[in-house]
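The basis for the numbers below is simple: all heavy atoms, side chains too, and nothing from hydrogens, waters or symmetry mates. Atoms within a ligand are numbered from 1 in the order they appear, just like the ligands themselves. Note that the structure is predicted; figures quoted are calculated from it, not measured.
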Amino acid sequence: MTEPFAKPVSFSKLVAAVTLGPGTRDSIEVRAPFTGAPIGSIPACGEDDVDRAVALSRAAQPAWAARSFSDRKRIFLRFHDLLLERQPEVLDLIQMETGKARAHAIEEVLDSAVVARYYGRRARKFLQPRRRKGALPLLTRTWEVRVPVGVVGFITPWNFPLTLGITDAIAALLAGNGVVLKPDPQTSLTALWAVCLLREAGLPQEIFAVVTGDGPTTGQALVDRADYLMFTGSSPVGRRIAARAGERLAGCSLELGGKNPMIVLADADLEAAAEGAVRGCFVGAGQVCISIERIYVVESIFQRFLDLLAERTRRIQLGASFDYSMDVGSLTTAAQLRRVEEHVSDAVTKGATVVAGGRRRPDLGPLFYEPTILTGVRDGMRLFAEETFGPVVSVYPVSGEQEAVERANATPFGLSASIWTRDASAGARLARAIRAGSVNVNEAYSAAWASVDSPVGGMKESGLHPRHGREGILKFTQAQTIAVQRWMPIAPSHGMTPEFYARWMTRLVKMVRHTPWLG
Ligand code: NAD
């Protein structure tokens, strides 16, 4: 294995960026998935730490919100440039903490730079006050103004520590909010690295605080204090967080799990579809919320597609390497490896067939599992409907488009989907029948995700309030209407009787109905 950290990252400097209160606390040891060796320890923040982080961010927020857009924009564009320049450092760190292949880690770097640029350039347009039609033509002048919600709490998972730790927070910051982030303990160092880089780019220290620790203690303390929560993680935890935030009437957005389908139609370019499936199923060893776990293939091409997919899957270079020589890396946690093994063995015991892969690879490292394809998966097997979040895909024959869509939709999840056909317009039409927050035609997952001008999120149990685009920043604001009334009130005046006022207003309302430009 090539060694990481040509230019060493100072772990103690990163840990020093955690916002700590005065109390004593325990620490959490973090291990590298590639080898199982300890990387270092992070503080287990308690309620007093979260109190302090929220208080610091809250105190810094008004001055931050008062800064001009161009001032704020400069910081995030500078961050964009620094991130691309310093990518080897963070690629090493992401790989060290997640065990993903470098080719998958780079997606996080590029994505974070693109989102920083996008919101840096666009935030002003999304947030500037907008003239709205007033209550009474000429007499009422009305503006919609966007007000920051205050302090936004982010709780993020371990699978995309840079992207999920930083990009939504950038939108919240550009909207004038303070931010407190609680990353997953397994990947806090990557998130801390990104926050340090933002500070280097000019972000005031207190406005973006980080508290490290577990979910039930540190995470819950943040849920109980932030003015708005953005949670990315599993659907069961998201549900609990939304309920708890709801008790305080704090707003909440949720980016949750998926069981993402891919549909291969009879006219698809099968080579391209098989390549796309390999990317979609095994990116990040399948530990990506939008990775593909189910493939529905029209019967007439089922065997050909399966052969192409199996052949490509068997060729995947699996292993630990801090360069681009490996295609797929390791699972990130022992719990994740257990879950993958349980899902596959449950399916095989109940009659499913392993077409490729199907076993762990301790010879490569403690958490490696082969990219795996199964057929014959049926209702009643855990793999059929539960999110596996690993390098495992089930392939099913279907009679045609209609069955494919019905089966794609037959799940409580609705995160991402993919359709393959040579008729792209027909594919885009079919996409509208799929109940998922994003649908890719002739790409596995990245076309929709990387179109950052358009919102991506979950339907059904996969989430609430998407990220990216206009929605991805406006959710961190509250709408305020400011209306200025002039010349006469919205009430009888200048000696009018209530009857005269009622007649006059009725006439006015009718006139507006027949004068489209007035309302
Ligand atoms: P998880 O829900 O177990 O944990 C996510 C985060 O929540 C972690 O920081 C954890 O410490 C914290 N947490 C756990 N319990 C908590 C509690 N009671 N109160 C407050 N915080 C708590 O999820 P995970 O296993 O880390 O991540 C995998 C899941 O995330 C998968 O389901 C995946 O699909 C989903 N995910 C979704 C997206 C998306 O954008 N939709 C992106 C990445 C991952």
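Heavy-atom proximity to Glu255, at under 4.0 Å, picks out these atoms of ligand 1: 37 (C), 38 (C), 39 (C), 40 (O), 41 (N). For ligand 1, the atoms lying closer than 4.0 Å to a non-hydrogen atom of Leu164 are 42 (C), 43 (C). Under a 4.0 Å criterion applied to the non-hydrogen atoms of Gln220, ligand 1 contributes the atoms 19 (N), 20 (C). Counting atoms of ligand 1 from 1 in the listed order, those under 4.0 Å from a heavy atom of Pro157 are 26 (O), 27 (O), 43 (C), 44 (C). For ligand 1, the atoms sitting less than 4.0 Å from at least one non-hydrogen atom of Glu387 are 31 (C), 32 (O), 33 (C), 34 (O), numbered in the order shown with element in parentheses. Listed by number with element, the atoms of ligand 1 under 4.0 angstrom from any heavy atom of Ile155 are 6 (C), 7 (O), 9 (O), 12 (C), 20 (C), 21 (N). For ligand 1, the atoms lying closer than 4.0 Å to a non-hydrogen atom of Asn159 are 43 (C), 44 (C). Close contacts of ligand 1 with Thr232, meaning ligand atoms under 4.0 Å from a residue heavy atom, involve 5 (C), 37 (C), 38 (C), 39 (C), 40 (O), 42 (C), 43 (C).
Residue Ser234 has at least one N or O atom closer than 3.5 Å to an N or O atom of ligand 1. The distance criterion of under 3.5 Å between nitrogen or oxygen atoms is met by Trp158 with respect to ligand 1.
Using a cutoff of 4.0 Å between basic side-chain nitrogens and carboxylate oxygens, Arg86 and Glu89 are scored as salt-bridged. Comment: Glu341 does not engage Arg359 in a salt bridge, judged by the lack of any side-chain N to carboxylate O separation of less than 4.0 angstrom.
If you check the side chains of Tyr296 and Arg294, you find a donor sitting under 3.5 Å from an acceptor. A donor atom on one side chain and an acceptor atom on the other are not found under 3.5 Å apart for Asn440 and Trp449. Checked by atom type, the side-chain pair Glu386/His343 shows a donor-acceptor distance below 3.5 Å. For the 3.5 Å distance criterion, the side chains of Lys182 and Thr218 fail to qualify, holding no donor opposite an acceptor. There is no side-chain donor-acceptor pair under 3.5 Å between Ser416 and Asn260. Judged purely by distance below 3.5 Å, without hydrogens or angles, the side chains of Thr217 and Asp214 pair a donor atom with an acceptor atom.
For atom 41 (N) of ligand 1, the closest heavy atom belonging to the protein is Leu256 O, 2.7 Å. Closest protein heavy atom to atom 28 (C) of ligand 1: Phe389 CE2, 3.5 Å. Among protein heavy atoms, atom 15 (N) of ligand 1 sits closest to Val237 CG1, 3.5 Å. For atom 9 (O) of ligand 1, the nearest non-hydrogen atom of the protein is Thr156 O, 2.7 Å. For atom 39 (C) of ligand 1, the closest heavy atom belonging to the protein is Cys289 SG, 3.3 Å. Here the protein heavy atom with the shortest distance to atom 13 (N) of ligand 1 is Gly215 CA, 3.4 Å. Regarding atom 35 (C) of ligand 1, its nearest protein heavy-atom neighbour is Gly233 O, 3.1 Å. Of all protein heavy atoms, the one closest to atom 11 (O) of ligand 1 is Lys182 NZ, 3.0 Å.
Residue contacts with ligand 1, taken as heavy atom pairs separated by less than 4.0 Å, do not involve Phe160 at all. When non-hydrogen atoms are compared, ligand 1 lies under 4.0 Å from neither the backbone nor the side chain of Leu222. Neither the backbone nor the side chain of Val288 has any atom closer than 4.0 Å to an atom of ligand 1 (non-hydrogen atoms only). Counting heavy atoms under 4.0 Å from ligand 1, residue Ile290 does not touch it at all. With a 4.0 Å heavy-atom cut-off, ligand 1 is reached by the backbone of Asp184 and by its side chain too.
Enclosure of atom CZ in Arg25 by more than 12 non-hydrogen atoms of other residues, nucleotides or ligands within 6.0 angstrom is indicated. Environment of CG in Asp26: sparse, with no more than 12 heavy atoms of neighbouring residues, nucleotides or ligands closer than 6.0 Å.
A donor-acceptor pair under 3.5 Å is absent between the side-chain atoms of Ser394 and the main chain of Val377, judged by distance alone.
Among residues two or more places apart in sequence or in another chain, the side chain to side chain donor-acceptor pair (under 3.5 Å) test is passed with Ser462 by none.
Checked against the 6.0 Å centroid threshold, Phe34 and Phe322 count as a close aromatic pair.
Using a 4.0 Å heavy-atom cutoff, Arg467 is listed among the residues neighbouring ligand 1.
Contact of the Glu461 side chain with the Leu256 side chain is not registered, since no non-hydrogen atoms from C-beta on lie closer than 4.5 Å.
Among residues at least two apart or in separate chains, salt bridge (charged side-chain N to carboxylate O under 4.0 Å, His left out) pairs with a member in residues 441-452 are Arg279-Glu443.
Taking a distance limit of 4.0 Å, we find that atom 30 (O) of ligand 1 is approached by some protein heavy atom.
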